[in-house]
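What follows is a single structure, written as structure tokens, with notes after it.
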Amino acid sequence: LMAKTEINRQRELVGLLLRDFEEDASDWLWETDASGRLRHASVHLAHAVGSRTDALVGRILLDVLRALTKEPNREQTALLERLAVTLNQRAPFRAMVVAVWVQGQARWWSLTGKPQFDASGDFSGWRGVGSDVTAAHQHGLELTQLARFDPLTGLANRHHFHQQLAAYFPADGPALPCSLFLLDLDNFKTVNDSLGHAVGDE
């Protein structure tokens, strides 16, 4: 009886902690059964999807995500397929990003999940956490843009140019046909030196 009382107390404590987490945290919890249907959908998940919690329970998680892809492009499709393969493998995964379209905006979500097994060792579903990582994703895209393209002209910089050029001369195969043009601006250094870089940029 003491053991059962302690177990019930711990369950109540865990329940309280989960409720506090769902109310205060920006992340959201998700849980599915063995067939991939949502068994639990937190308020934050429903808000992120733009639906009600009772409308989400019973729906297949992958179908919910696919419904959030407006005219899915190659990136969105590839990310969802990677998630589907991972779920089929029934192995824990962490920070798997999917691209969705919510309320007229492109969003990126990071999903972490752990497979659940019953007392007999049979697979019983998934339990995990999701979070919106749109800001971090866009920041990464901006850094990539700065690293590969000239901020003034928007043209590929020297680093990106060398990457593209290397693709035409693979180390393990014949070179691909290509043409290279060189464009030079006469007296450009004189303009910068005499009138300043601001005038030169213009």
Side-chain angles (χ1 to χ4, degrees), residues 4 6-144:
K4 287 182 179 179
E6 178 62 19
I7 289 173
N8 289 333
R9 189 189 70 80
Q10 289 180 1
R11 284 177 177 169
E12 290 178 2
L13 179 60
V14 170
L16 288 172
L17 290 173
L18 287 175
R19 279 194 291 274
D20 287 343
F21 174 82
E22 290 185 346
E23 290 174 1
D24 299 332
S26 58
D27 298 348
W28 32 267
L29 302 173
W30 59 275
E31 184 179 357
T32 72
D33 59 17
S35 61
R37 297 182 183 278
L38 284 167
R39 221 168 11 204
H40 170 78
S42 66
V43 175
H44 285 297
L45 172 59
H47 178 72
V49 173
S51 179
R52 303 188 319 272
T53 54
D54 57 346
L56 288 175
V57 173
R59 292 184 60 188
I60 295 176
L61 175 63
L62 282 173
D63 289 346
V64 173
L65 295 175
R66 288 191 179 104
L68 293 175
T69 54
K70 180 184 178 183
E71 299 178 359
N73 55 32
R74 209 162 29 174
E75 180 192 20
Q76 290 175 319
T77 303
L79 291 174
L80 282 177
E81 287 303 316
R82 189 166 68 112
L83 176 61
V85 170
T86 302
L87 292 175
N88 285 332
Q89 292 174 344
R90 299 178 180 176
F93 62 90
R94 185 173 183 81
M96 183 164 291
V97 176
V98 294
V100 295
W101 190 269
V102 181
Q103 298 176 354
Q105 290 185 330
R107 313 294 298 179
W108 282 265
W109 291 349
S110 174
L111 300 178
T112 295
K114 183 178 181 181
Q116 302 297 306
F117 300 91
D118 59 23
S120 302
D122 296 325
F123 174 70
S124 60
W126 286 91
R127 191 175 293 156
V129 180
S131 59
D132 191 314
V133 293
T134 303
H137 183 82
Q138 290 177 338
H139 182 63
L141 291 178
E142 291 171 1
L143 290 179
T144 301

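Position 1 is the first residue of the sequence; numbering continues from there.
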Result block: side-chain N/O donor-acceptor pairs under 3.5 angstrom for residues 111-125, not counting sequence neighbours:
| residue | atom | partner | partner atom | Å |
| --- | --- | --- | --- | --- |
| Thr112 | OG1 | Ala95 | N | 3.0 |
| Gln116 | NE2 | Lys114 | O | 3.2 |
| Asp118 | OD1 | Ser120 | N | 3.0 |
| Asp118 | OD1 | Gly121 | N | 3.1 |
| Asp118 | OD1 | Asp122 | N | 2.8 |
| Ser124 | OG | Gln116 | O | 3.1 |

Considering all heavy atoms of both residues, which atom of [X] and which atom of [Y] are nearest to each other, and what is their separation?
X	Y	value
Thr134	Ala106	CG2-O, 4.0 Å
Ala99	Trp108	CB-NE1, 3.7 Å
Val97	Leu79	O-CD2, 3.4 Å
Val98	Leu83	CG1-CD2, 3.9 Å
Val57	Arg39	CG1-O, 4.1 Å

What distance do [X] atom [atom1] and [Y] atom [atom2] have between them, rounded to the nearest 0.5 Å?
X	Y	atom1	atom2	result
Leu38	Asp63	CG	CG	10.0 Å
Arg37	Leu62	CZ	CG	11.5 Å
Arg59	Thr32	CZ	OG1	14.5 Å
His137	Glu142	NE2	CD	10.5 Å
Arg66	Ile60	CZ	CD1	8.5 Å

Q. Can you name the salt bridge (charged side-chain N to carboxylate O under 4.0 Å, His left out) partners of Asp33, sequence neighbours left out?
A.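 Counting only residues at least two positions away or on another chain, Asp33 forms no salt bridge (charged side-chain N to carboxylate O under 4.0 Å, His left out).
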### Task
Fit a plane to each ring of Trp28 and Trp109, take the angle between them on a 0 to 90° scale, and name the class: parallel (under 30°), tilted (30 to 60°) or perpendicular (over 60°).
perpendicular
Can you check whether Leu68 reaches Trp101 side chain to side chain, under 4.5 Å on heavy atoms? no
